[in-house]
Each structure stands twice: as C-alpha cells, then as structure tokens.
Amino acid sequence: MKRIAAAFICILALAACARQPSGTADVPRLLPQSYRIAVAPFTQPLNPGQLITGQIPENQGLIPQDGLLALDLDLRQTLLSGTRRQYDFIPPQNLAKELDHSRSTGQAGALPRWLEYGKAHNAQLLLVPMILNWHEREGSQAGVTSSAHARVEFFLLSIPDKGVMNRSIYEEKQVGLVDNLLTVGDFVKRKGQWVSARDLAVEAMTQAVRDLGL
C-alpha cells in the first residue's frame, strides 16, 4: 500500500513539473489595467484566407453556429469573473461578412481585415477567439467511444501597432488516466469524468487569461 501511495505522489510531482514554465519568456505578464479590450465573437476559419496565422487542420471538425454563440457567453463569463478590467463585447451580428466563419474568401491572411474590424469598433486592443478544430464527445461522462477534442486559439491584436501582440493556443483530446499517467492533474480537475468539447473550450479560455496576462 505504501508503495502505491509513493508511486502516486511521484506521478503528481512529474505532472506538476511538466506544467512549470520552461523560462522567463513563458511566465505570464499582466497588461496594465488601463488597457480596455474589445472582444470579437468566436469564429471558425474554414480556409487559409480566414486564418491570422497557422493552417487548417486535417479532418477539421466543425462547430455549429449555436455552439459559437454559447462560447461567446462562456468567454464573457470567464473574462468578467476571472479578470479585473473592462471589456467591450462586440455582438456577433456586428461581425463583418468577410470574417464570418460560414463564408469563404480567397484572400490570403485575415490579419488586415481583423485590424480594420478593430479600428471600426474604436478598439485599442482586440481579442480574437477562434475555433480551429471541434470534435464532440461520443458517449457520456461515464464512458466514451470517442473523447472530445478541441483546438482553440486566441489572438490579442494591437490596432495602433497593426499586429499581433500576443497569442494563446490550446489543443486537447482527452485521454484516460490509464493511457497517460501524466494527465492525473487533469483527471482530478475533471472529477474523473469524460468532458465535452465545450468544457475543453472553457479550459482554453482560462489558459488564455494566463497566457495573455489578462
């Protein structure tokens, strides 16, 4: 019994070490509270012309429109409860047509269009949340045939500087504790349950608050 307990403690220690910043560049730096941030609605790029950077995943899973709207509410709650700053939340109906995830564009790179979008809304800083990949859990909290998988990216754009100020990337496909003992921390945090893709997206939001220094 003592050996099992000791092994479990070692696993916890390894998991903690694996999550420590690798250097000072990885330590979050808080933005001054004087910065007021405009928050764009969630979108899902479907082609390279809708990306700020990166690439469209192979076998990309799509999130339904009502799923995007639900994430907008989750992000609002995460920011308002987890930070102490003011935000301007831009309604989805104010999203420019060329930035809408349901429309196609052949233009390369969406950054200039997002900067124009931020400028049109008198933003100093613009937070752009994107769903790159979305696969729902097949099964229940107790057991799955296929676990949830989500890739969520956040871009903090400086409108005056016309560029990306910071970025947060989260990608997770939940695995069982037996398959990867280093996920014991996540296993405990999720109460031993198989979570939904929306749950993973909320985890991504919490991570983005840290990564972007909000």
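Note on ring orientation: taking the six-membered ring where Trp is involved, the planes of Y117 and W114 are perpendicular (angle over 60°, cut-offs 30° and 60°).
Here the closest heavy-atom approach between residue A197 and residue A148 is recorded as N-CB, 3.5 Å. L212 approaches S168 most closely through the heavy-atom pair CD2-N, 4.0 Å. Contact between L69 and P92 at its shortest, heavy atoms only, is CD2-CG, 3.8 Å. A pairwise comparison of heavy atoms in I56 and Q60 identifies CG2-OE1, 3.5 Å as the closest pair.
Counting only distance, with no hydrogens or angles, the side chain of N47 and the backbone of G49 share a donor-acceptor pair below 3.5 Å. Judged by distance alone, the side chain of E153 and the main-chain N or O of T53 form no donor-acceptor pair under 3.5 Å.
For CD of E58, the number of neighbouring non-hydrogen atoms (other residues, nucleotides, ligands) closer than 6.0 Å is 12 at most.
Checked against salt bridge (charged side-chain N to carboxylate O under 4.0 Å, His left out), R85 has no partners two or more places apart in sequence or in another chain.
No side-chain heavy atom of D211 sits less than 4.5 Å from a side-chain heavy atom of N166. The shortest distance between side-chain heavy atoms of M205 and F154 falls below 4.5 Å. Contact of the L68 side chain with the P41 side chain is not registered, since no non-hydrogen atoms from C-beta on lie closer than 4.5 Å. Inter-residue side-chain proximity for E136 and S196 is flagged as met; some heavy-atom pair is nearer than 4.5 Å.
V164 and I169 are members of different hydrophobic clusters when ILVMFWY side chains are connected at heavy-atom separations under 4.5 Å. M165 and L75 fall within the same hydrophobic cluster, defined by Ile, Leu, Val, Met, Phe, Trp and Tyr side-chain heavy atoms under 4.5 Å apart, directly or through other members.
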Show which side-chain atoms of residues 122-135 pair as donor or acceptor with protein atoms under 3.5 Å away, not counting sequence neighbours.
from: N133; atom 1: OD1; to: G61; atom 2: N; distance (Å): 2.7
from: N133; atom 1: OD1; to: H135; atom 2: NE2; distance (Å): 3.1
from: H135; atom 1: NE2; to: N59; atom 2: O; distance (Å): 3.4
from: H135; atom 1: NE2; to: G61; atom 2: N; distance (Å): 3.4

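Put simply, CG on L214 and OG1 on T78 are 11.0 Å apart, with the number rounded to the nearest 0.5 Å. To the nearest 0.5 angstrom, R167 atom CZ is 13.0 Å from L156 atom CG. Once rounded to the nearest 0.5 Å, the distance linking CD of Q44 with CD of Q50 reads 9.5 Å. To the nearest 0.5 Å, atom CD1 of residue I63 and atom OG1 of residue T43 are 10.5 Å apart. Residue T206 holds its OG1 atom at 9.5 Å from CG of L79, rounded to the nearest 0.5 Å. Put simply, CG on L115 and CD1 on I52 are 8.0 Å apart, with the number rounded to the nearest 0.5 Å.
Pairs passing the ring-ring contact (aromatic ring centres under 6.0 Å, His included) check and including a residue from residues 58-93, sequence neighbours excluded, read Y87-F89.
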Problem set entry | side-chain contact (heavy atoms from CB on, under 4.5 Å) between V152 and F42, intermediate numbers included | CA-CA 10 Å; V152 190; F42 266 94; 3.9 Å; yes
